[in-house]
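These notes are about the structure you will find just below.
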Amino acid sequence: MESLKALFVDDETGYLETAVKRMKKRGIDVIGASSGTEALETLAAQAIHVVVMDVRMPGMDGIQALREIRQRYPLVEVILLTGHASMEVAIQGMESGAFDYLLKPIDIDELIYKIQDAYKRRQIQTKKIETIEKLRGGEREK
Amino acid sequence: MIQRLRTFLSKFRKSIQAHSDEEVEALRVGFKERYHQFKLLLNANNRALELMSEIERALQGSTPFGMHFVRSQCTRISTDVFQIIKHINALAPNKYSVLFERFKEIQHQLNPFVHPSTCEIKGPLVMPMATVDRGSADQTGPKMANLAEVAKQLQLKIPDGFAITAAAFECFMASGDLQAEIDRRIQAAEIERPDHLYALSISIQQLIIEAPVPSHLSQAIAKAMEQLEAASGRSVFLAVRSSALGEDLAETSFAGQYRSVLNVGKETLFTAYKEVLASKYSLPAMTYRLQRGIRDEDVPMCVGCLRMIDAKAGGVLYTRNPVDIRDDTMIIHGAWGLPKSVVDGTTVPDQFVIRRGDTLAVEASQIQHKAQRYVCFPEEGVCRMALTGPEADQPCLSDAQALALAEMGLRIETYYGTAQDIEWALDDDDQIVLLQCRPLKQISPGAKNLPAADSRWSIRAQGGQTASTGVAAGKVFIVNKEADALQFPKGAILVTAQALPRWAMLLNRAAAVITEQGSLAGHLANVAREFQVPAIFGLEDATQHLKSSESVTVDASTCRIYHGRIEELLALREAPRNLMAGSRVWQMLDNAARLIIPLHLLNPDSPEFKADKCRTLHDITRFCHEKAVQEMFRFGKEHHFPERSSKQLHAQVPMQWWVLNLDDGFTTEVDGRFVELTNICSIPMLALWEGIAAHPWEGPPPLDGKGFASVMFQATTNKALLPTVRSTMTNRNYFMIAKNYCSLQSRLGFHFSIIESLVSERTSENYINFHFKGGGADTSRRIKRVQFIKEILEPYGFRMTIKEDHLNARIEQYIMSTIVQYLKILGYLTIHTRQLDMIMSNPTMLNHYRQKILAGIDDMLAAKAVASAKPEMQSAGL
């Protein structure tokens with residue numbers, strides 16, 4: 001079974017570096033990107049299962065990037081992590097398909113649990129698609 | 001995708017008897033997905049409930065919180081509740097879509113408290129002082145408005161100058177989205193930690209200092225400066241002072257929390273302006289706002305630019321005694337040079353006490369040795385100069401000057417109708433110049449009926465002056481520099497050399513303050529009185545004499561410090577008032593809480609228990625939780641899926657226990673109708689079962705005639721007790737389990753209980769939720785029984801509420817081993833409180849059962865009782 005690969009997206013490079021380093025220390029296979037555009041480039045180049053992304057970023061903001069990701073890679077789960085506490089943006093994010101909307105500062109364990117939950121959902125979704133495909137094959141044979 | 005799966009599932013239903021391997025697998029995946037959804041719902045529900053209790057604690061407690069707390073709590077709860085609604089609608093597609101509407105409506109009502117719309121401040125960017133009066137307070141801040149008002153109305157001398165307004169502040173902060181960036185940094189920081197708050201304060205101040213002044217604002221300021229110089233006919237130097245909105249009020253003085261930059265020339269005016277703006281985010285100012293519940297957005301920083309007075313002498317006049325509300329004498333504190341040394345607590349100033357009456361008179365004066373004074377540099381800035389001549393011991397004011405000053409104070413007091421705190425200066429022409437006036441907060445002399453010093457109490461030190469009354473005890477902590485302040489422990493006694501205004505940031509943690517220098521006229525003394533922190537200033541050699549970590553009791557009212565804790569003195573302390581209560585931030589949270597916390601949907605059997613009846617976010621969580629459990633059961637039953645539907649626990653007992661495996665609660669595949677305990681690997685279920693099976697139930701308590709009659713009456717009138725009536729109370733006992741989750745719904749005797757728990761290595765997600773309701777006896781005895789259970793659970797730290805005969809107990813974020821122990825206790829109580837409502841009117845019996853249950857729990861936890869919980873062993877009681 002494929003193992004979890006995460007992408008952390010934040011324009012604050014200091015925060016990004018610290019977060020990636022700390023998550024790696026906890027055994028999470030994670031890489032960083034400093035913008036929405038860079039995140040999309042990374043997703044095009046390699047298999048990523050869970051994206052943790054800031055909301056307020058220059059250029060393509062987190063909500064725009066989230067919509068792009070969900071459209072291009074529906075199985076990739078996106079967790080929004082922001083210092084901007086806005087109920088409106090939170091709901092907008094979740095309506096656009098975010099797995100969750102978390103606020104900084106966040107305990108690293110909490111974030112890792114959330115990533116694991118998101119990854120579990122992805123695994124279930126993948127399994128479901130495989131099962132449906134099998135059933136379709138079975139029906140065709142009948 | 002879900003629709004596609006559903007289509008397949010409906011096909012399975014038609015051919016339920018003939019499952020192909022693929023079909024079984026599809027259902028297995030379908031069920032797994034539902035369980036995952038259910039678990040996410042539970043997690044979100046659990047978090048929302050925790051956040052609600054945090055809000056309740058914040059409103060009731062004395063720990064301060066800011067708007068960032070209000071925003072983050074409301075955003076987090078909204079996020080969780082929205083997730084809950086999403087999950088329940090995934091479990092039962094479109095069945096509960098009305099919840100989205102209810103949620104949006106509640107959120108709409110919540111929004112103004114969380115993200116209040118700020119009115120655009122209109123008006124000029126700069127106002128000459130000649131055009132300012134009391135009505136300009138919203139534009140110039142009360143400090144400048146009050147000053148200009150009395151100057152006009154009472155013809156008092158004040159320095160000329162101009163005010164840079166609130167509109168200017170807004171214009172500055174809007175430029176480059178500065179305010180949004182500051183808000184983001186505050187939101188993302190852990191401001192409860194002093195070191196984080198310190199770093200945040202530095203970073204925000206840096207941001208402001210580095211930001212450019214927008215060109216139209218800089219032009220307006222430069223023009224005002226030119227006009228001032230033109231009117232003076234020479235170069236002008238300024239005192240650039242904060243005059244924030246909300247500053248200088250009696251209840252929230254902000255004394256010394258913001259910056260003043262003295263003797264500023266034209267070239268550095270913009271830098272000084274930005275320094276004063278930045279001081280809005282100084283560590284003491286941020287701490288102060290946090291303590292007092294003042295929103296950042298309510299404090300636009302206006303700035304007064306007043307001609308610098310190179311004072312011969314200066315200081316502070318209190319028109320009444322701030323530490324004794326009954327004393328109406330006036331007190332003048334003064335020193336040579338600028339008044340700065342008096343207000344920043346770096347000197348022990350001269351003191352003049354003025355008696356009121358038909359004529360004012362100097363009642364007493366205390367002239368100190370003044371070793372130094374602040375003076376203006378000829379170029380720019382101020383410096384401290386040593387005073388070596390006879391001047392150091394001479395009074396800084398003559399009696400005539402002191403009386404003239406008191407006369408001015410009296411006029412201002414009469415004009416404003418309240419005691420005043422006045423900053424004054426004596427200029428080159430020996431004229432009194434008014435620099436600032438604000439309402440003076442007075443406090444009572446201290447605890448009532450303080451006993452005279454007892455000879456048993458050993459005095460550690462005494463002397464100095466009462467800067468703020470009261471009694472406190474704690475360990476001495478000596479602060480010499482800011483780095484020490486970051487380590488300052490809560491509840492310690494702050495001992496420091498100078499009464500600097502910046503130590504105000506420690507007043508939320510300090511039990512009392514002792515300084516070697518400073519007077520009750522300083523800013524720190526002001527804030528100490530506001531925060532009700534006892535303070536003794538001017539105690540010589542305090543930092544040398546008192547030792548770090550030694551335990552002392554400080555009686556600031558008598559200026560005595562005792563060895564150790566003197567409980568008799570401490571017992572007389574007045575209860576501290578909650579500085580947050582009623583504040584703007586507190587009100588915002590309180591208003592938001594009204595839309596979040598009240599629970600109206602209590603009874604799932606009530607016809608009112610409907611999605612469209614949810615009035616608060618708590619209602620939505622309660623409703624969804626109930627329905628989610630039902631939906632999980634319904635799914636298992638509807639699909640007749642042998643592997644997943646409920647199985648009867650194989651136990652040779654009269655009672656039936658059913659188990660529904662949600663995901664990974666069984667060790668292996670289980671065929672047939674029954675499941676053995678050895679097949680179960682659900683951690684919380686096994687813990688509960690251990691409690692259930694620990695001791696056999698001895699049967700119902702013996703009833704007296706009254707108890708029996710009550711049961712008979714209830715049995716004939718309470719329809720919910722009839723087995724033929726379908727209601728929640730007649731449902732069988734069932735466990736819904738996964739490896740880390742268990743929900744036990746049970747009906748034993750006439751009571752109904754739910755125990756739900758999530759327990760794993762993820763401590764932050766662990767919780768137990770326990771509901772207990774009903775019984776066979778009358779209402780008063782049923783209520784007594786839940787109170788009895790509450791008493792038993794209290795020592796374990798459960799948070800509990802009782803509404804009529806319904807007990808709700810909750811605990812969370814304990815490590816796995818503790819949660820497991822508590823589940824055993826709940827399992828035990830589930831069995832052994834059966835029918836105890838019958839004897840609740842009999843104190844002797846009640847006491848007997850209390851002792852018995854407590855002993856039983858102790859035995860069980862000490863593993864003296866039944867070591868392993870096998871269903872066969874608890875046969876008799878169940």
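In this text, all values refer to a predicted model and were calculated from it rather than measured experimentally. Below, chains carry the letters A, B, ... as their sequence lines are ordered, and counting in each starts from 1.
Comparing B:Q187, B:R762, B:H36 by heavy-atom pairs within less than 4.5 Å of chain A, the highest count is held by B:R762. Comparing A:I91, A:T131, A:T82 by how many heavy-atom pairs each has under 4.5 Å with chain B, the most go to A:I91. Of the listed residues B:E190, B:Q107, B:K39, the one with more heavy-atom pairs under 4.5 angstrom with chain A than any other is B:Q107.
Listed for the B:R184 side chain is no donor-acceptor partner under 3.5 Å among the backbone atoms of A:H84. In terms of modelled atom types and a separation under 3.5 Å, the side chain of A:D29 and the main chain of A:K24 share no donor-acceptor contact.
B:F38 and B:Y741 have perpendicular rings, their planes meeting at more than 60° on a 0 to 90° scale where under 30° would count as parallel.
Within residues 92-105 of chain A, the residues approaching chain B closer than 4.5 Å by heavy atoms are, in numerical order, A:M94, A:E95, A:A98, A:F99, A:D100, A:Y101, A:L103, A:K104, A:P105.
In this structure, chain A has a heavy atom under 4.5 Å from the backbone of B:E761, while its side chain stays farther away. Looking at A:E12, the atoms closer than 4.5 Å to chain B (heavy atoms on both sides) all sit in the side chain, from C-beta outward. Contacts of B:L110 with chain A are made by both backbone and side-chain atoms, with heavy-atom separations under 4.5 Å.
Proximity of A:R56 to A:D11: side-chain heavy atoms (C-beta onward) are nowhere separated by under 4.5 Å. Between B:I620 and B:I85, some side-chain heavy-atom pair lies under the 4.5 Å cut-off.
A donor-acceptor contact closer than 3.5 angstrom links the side chains of B:S764 and A:E110. Judged purely by distance below 3.5 Å, without hydrogens or angles, the side chains of B:Q206 and B:E210 pair a donor atom with an acceptor atom.
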Would you check, one step at a time, whether the test salt bridge (charged side-chain N to carboxylate O under 4.0 Å, His left out) holds for A:R26 with A:D109? CA-CA 9 Å; A:R26 304 292 180 102; A:D109 286 335; 2.4 Å; yes

